[in-house]
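Working notes for the structure below.
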2 protein chains.
Amino acid sequence: MISVMIVDDDPFVSGSLKIILDNEPDIEVKAVANSGEEAVKLAPEVAPDVIVMDIRMEGMNGTEAAQKILENGSKAAVLFLTTFLDDEYINKALKIGAMGYIIKQDCGSLPSSVRAVASGQAVFGGKVVEKLPDLLNRKERFDPSEFDITPKELEVIGFVADGLSNKEIAEKMFLGEGTVRNMVSSILTKLDLRDRTQLACFYYQKMV
Amino acid sequence: MISVMIVDDDPFVSGSLKIILDNEPDIEVKAVANSGEEAVKLAPEVAPDVIVMDIRMEGMNGTEAAQKILENGSKAAVLFLTTFLDDEYINKALKIGAMGYIIKQDCGSLPSSVRAVASGQAVFGGKVVEKLPDLLNRKERFDPSEFDITPKELEVIGFVADGLSNKEIAEKMFLGEGTVRNMVSSILTKLDLRDRTQLACFYYQKMV
DNA sequence: CTTCGAAAATGACATATGTCATTTACAAAA
DNA sequence: TTTTGTAAATGACATATGTCATTTTCGAAG
């Protein structure tokens with residue numbers, strides 16, 4: 001028997017979820033919390049196997065609540081429900097160790113998702129997983145040609161973003177240190193940056 | 001009733017999987033293929049809801065076979081089995097639109113994973129999902145207390161990673177420039193880094 | 001061959017940076 | 001009160017960095 005706690009600040013939603021899950025023979029809804037705060041309070045005494053939680057809530061939101069709960073030593077698998085496909089939320093959810101992230105709309109698959117999560121697998125809604133490859137492959141939001149960045153300069157940028165000094169870059173590229181210095185200078189001018197640290201920041205924020 | 005096709009070049013494994021799945025009342029193993037090539041052939045006539053496939057196989061491997069099958073118009077949800085945690089494979093699997101990626105070892109959860117996949121959710125083995133945040137944004141968890149990083153130093157790190165100079169940081173924090181300089185120096189020593197650019201890189205790779 | 005132009009290199013310079021030893025300020029503990 | 005520990009600041013120093021003007025190299029175009 002899988003014990004579940006439901007967390008949603010909309011009573012209608014949490015009620016519906018309870019009905020859906022209680023209808024399953026091997027799932028039992030042990031508690032329903034109407035806020036993140038309440039969930040944090042209830043979690044230790046209820047000790048559910050799975051927490052089904054809305055990610056958007058008034059007051060303490062889902063990720064915050066889940067984080068607190070997990071910090072408090074709960075071994076529950078957290079399954080987030082959301083109406084939105086928000087990269088931010090996905091990232092946060094993954095970071096705090098959530099075991100699932102599915103879309104409210106397809107609540108028909110909720111029971112099987114709960115079971116999978118309870119058995120230690122991670123579950124993501126189909127639409128969510130479609131986004132993963134893009135996130136994985138770090139798409140560039142930056143077009144080097146727009147700024148007249150040459151291929152060699154692009155290489156230098158990469159090295160700077162690896163934390164290498166001009167001297168080290170020079171060795172890697174078989175160039176003089178002064179040359180690299182000039183190239184960095186040229187890059188900074190083109191990108192309107194001040195120093196190599198800003199260049200590294202730019203790289204991680206806009207390029208990678 | 002969920003129809004399944006099993007693909008594994010090890011007859012013992014595919015046999016075991018068949019037994020496990022056939023034991024479920026709502027799952028039916030319609031076909032067993034012993035190679036990627038065979039799977040590609042069988043898929044159109046079997047038209048399974050779910051394909052449970054080993055990712056490492058002689059000849060055509062799992063991702064290649066799955067790609068072919070999906071290209072041929074199959075609407076099956078592909079659930080990969082693997083003994084390894086290989087970033088390469090995860091990436092490929094996600095890219096071609098696989099709906100699951102779980103570890104052979106925990107085959108106990110296979111039925112619930114199959115159900116979840118069949119209902120349109122994506123499933124990842126627990127160990128796999130632990131890797132996702134890193135893959136998603138190259139961030140490992142970093143515990144400041146491990147390195148005796150003080151809260152104020154943490155703030156400085158953030159400013160450095162915004163590309164601010166020591167002077168600018170000093171103004172923001174109402175400190176002397178020299179003080180900030182010392183703090184940066186202290187941080188670099190603690191984290192075993194050489195300069196602020198490396199610190200910025202560290203921030204984007206390990207923190208945030 | 002000569003000319004041309006881009007890439008590479010050099011040298012000089014000002015500034016930012018990182019390290020270190022030392023001092024000051026200040027609050028908590030004795 | 002004095003003592004003590006820590007954060008903050010200072011000053012000195014070597015080095016790295018970024019800018020700029022200039023020169024060299026070298027291959028392609030004439």
Side-chain angles (χ1 to χ4, degrees), chain A residues 140-208, chain B residues 138-208:
Chain A
E140 297 206 0
R141 305 171 279 199
F142 163 77
D143 181 6
S145 60
E146 290 251 5
F147 294 87
D148 290 318
I149 300 291
T150 69
K152 211 159 279 190
E153 285 174 337
L154 210 52
E155 204 183 345
V156 170
I157 295 177
F159 285 134
V160 169
D162 277 340
L164 301 191
S165 70
N166 290 330
K167 195 175 171 185
E168 289 166 334
I169 296 173
E171 284 169 11
K172 288 230 178 204
M173 297 181 68
F174 306 103
L175 295 175
E177 180 185 348
T179 308
V180 175
R181 236 199 304 219
N182 290 335
M183 292 178 77
V184 171
S185 183
S186 155
I187 294 167
L188 295 177
T189 303
K190 287 175 183 173
L191 297 182
D192 195 27
L193 300 171
R194 198 202 305 139
D195 53 50
R196 68 199 298 103
T197 306
Q198 289 192 344
L199 178 55
C201 300
F202 179 89
Y203 177 86
Y204 286 106
Q205 288 173 352
K206 302 288 175 65
M207 295 178 64
V208 183
Chain B
R138 303 239 172 119
K139 287 165 196 164
E140 288 173 19
R141 64 188 110 97
F142 161 78
D143 183 5
S145 61
E146 289 254 5
F147 294 87
D148 291 317
I149 298 292
T150 68
K152 210 159 282 191
E153 285 173 336
L154 212 51
E155 203 184 345
V156 171
I157 294 177
F159 285 134
V160 170
D162 278 341
L164 301 192
S165 69
N166 289 331
K167 195 175 171 186
E168 289 166 335
I169 296 174
E171 284 169 11
K172 288 230 178 205
M173 297 181 68
F174 305 103
L175 296 175
E177 180 184 347
T179 306
V180 175
R181 223 168 344 177
N182 289 335
M183 294 178 77
V184 171
S185 183
S186 156
I187 294 167
L188 294 178
T189 303
K190 287 175 183 173
L191 297 181
D192 193 30
L193 300 172
R194 198 202 309 140
D195 53 51
R196 70 201 296 105
T197 305
Q198 288 191 346
L199 177 55
C201 299
F202 179 89
Y203 176 88
Y204 286 106
Q205 287 173 352
K206 304 288 172 78
M207 301 171 64
V208 182

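Order of the sequence lines fixes the chain letters, A, B, ..., with proteins taken first and strands second; residue numbering starts at 1 for each chain. Just so you know, these numbers come straight off a predicted model, no measurement behind them.
Whole-Å rounding puts the B:E153 CD to D:dA8 P distance at 10 Å. Between the CZ atom of B:R194 and the P atom of D:dA16 there is a distance of 9 Å, given to the nearest Å. Between the CG atom of A:L175 and the P atom of C:dA8 there is a distance of 6 Å, rounded to whole Å. With rounding to whole Å, A:L188 atom CG is found 14 Å from D:dA16 atom C1'. What separates CD1 of A:I187 from P of D:dT17 is a distance of 14 Å, to the nearest Å. For the pair A:D192 CG and D:dT19 P, the interatomic distance rounds to 11 Å; values are reported in whole Å. Summarising the geometry, the separation between CE on A:M183 and P on C:dA6 is reported as 15 Å, rounded to the nearest angstrom.
A donor-acceptor pair is defined here as one N or O able to donate and one able to accept, closer than 3.5 Å; no such pair exists between the side chain of B:D162 and the backbone of B:L164.
The distance from atom OH of A:Y204 to atom CG of A:L199, rounded to the nearest 0.5 Å, is 10.5 Å. To the nearest 0.5 Å, the span separating OG1 on B:T197 from CZ on B:F202 amounts to 15.0 Å. With rounding to the nearest 0.5 Å, the separation of SG in A:C201 from NZ in A:K206 is 11.0 Å. Rounding to the nearest 0.5 Å gives a distance of 11.5 Å between CD1 of A:I157 and CZ of A:R196.
Taking every side-chain heavy atom of B:D195 into account, D:dT17 is the closest of D:dA9, C:dA9, D:dT17. Here D:dG18 is the nucleotide among C:dT19, C:dA8, D:dG18 with the atom lying nearest to any side-chain atom of A:V184.
Each of A:E171, A:K167, A:M173 was scored for a side-chain contact (heavy atoms from CB on, under 4.5 Å) with A:I169, with one residue passing: A:M173.
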Test side-chain contact (heavy atoms from CB on, under 4.5 Å) applied to A:L191 and A:I149, step by step: CA-CA 9 Å; A:L191 297 182; A:I149 300 291; 4.3 Å; yes
Criterion side-chain contact (heavy atoms from CB on, under 4.5 Å) on A:L175 and A:M183, from CA distance to verdict: CA-CA 11 Å; A:L175 295 175; A:M183 292 178 77; 4.0 Å; yes
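With sequence neighbours left out, the salt bridge (charged side-chain N to carboxylate O under 4.0 Å, His left out) criterion links A:K152 to no other residue.
Contact of the B:Y203 side chain with the B:V160 side chain is not registered, since no non-hydrogen atoms from C-beta on lie closer than 4.5 Å.
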Dump every N/O contact between nucleotides 4-6 of chain D and the protein below 3.5 Å, one line per pair.
none

Check nucleotides 20-25 of chain C against the protein and report each pair of N or O atoms closer than 3.5 Å, with its distance, or say if there are none.
unit_1 : atom_1 : unit_2 : atom_2 : d
C:dC20 : N4     : B:N182 : OD1    : 2.9

Check nucleotides 12-14 of chain C for protein N or O atoms closer than 3.5 Å to its own N or O atoms and list the pairs.
none

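Heavy-atom distances under 4.0 Å link DNA chain C to no residue of residues 160-174 of chain A.
Within the structure, the side-chain hydrogen bond (donor to acceptor under 3.5 Å, both in side chains) test picks out the following pairs touching residues 174-190 of chain A (sequence neighbours left out): A:E153-A:S186, A:E153-A:K190.
Between A:R194 and B:G163 the shortest heavy-atom distance is NH1-O, 4.1 Å.
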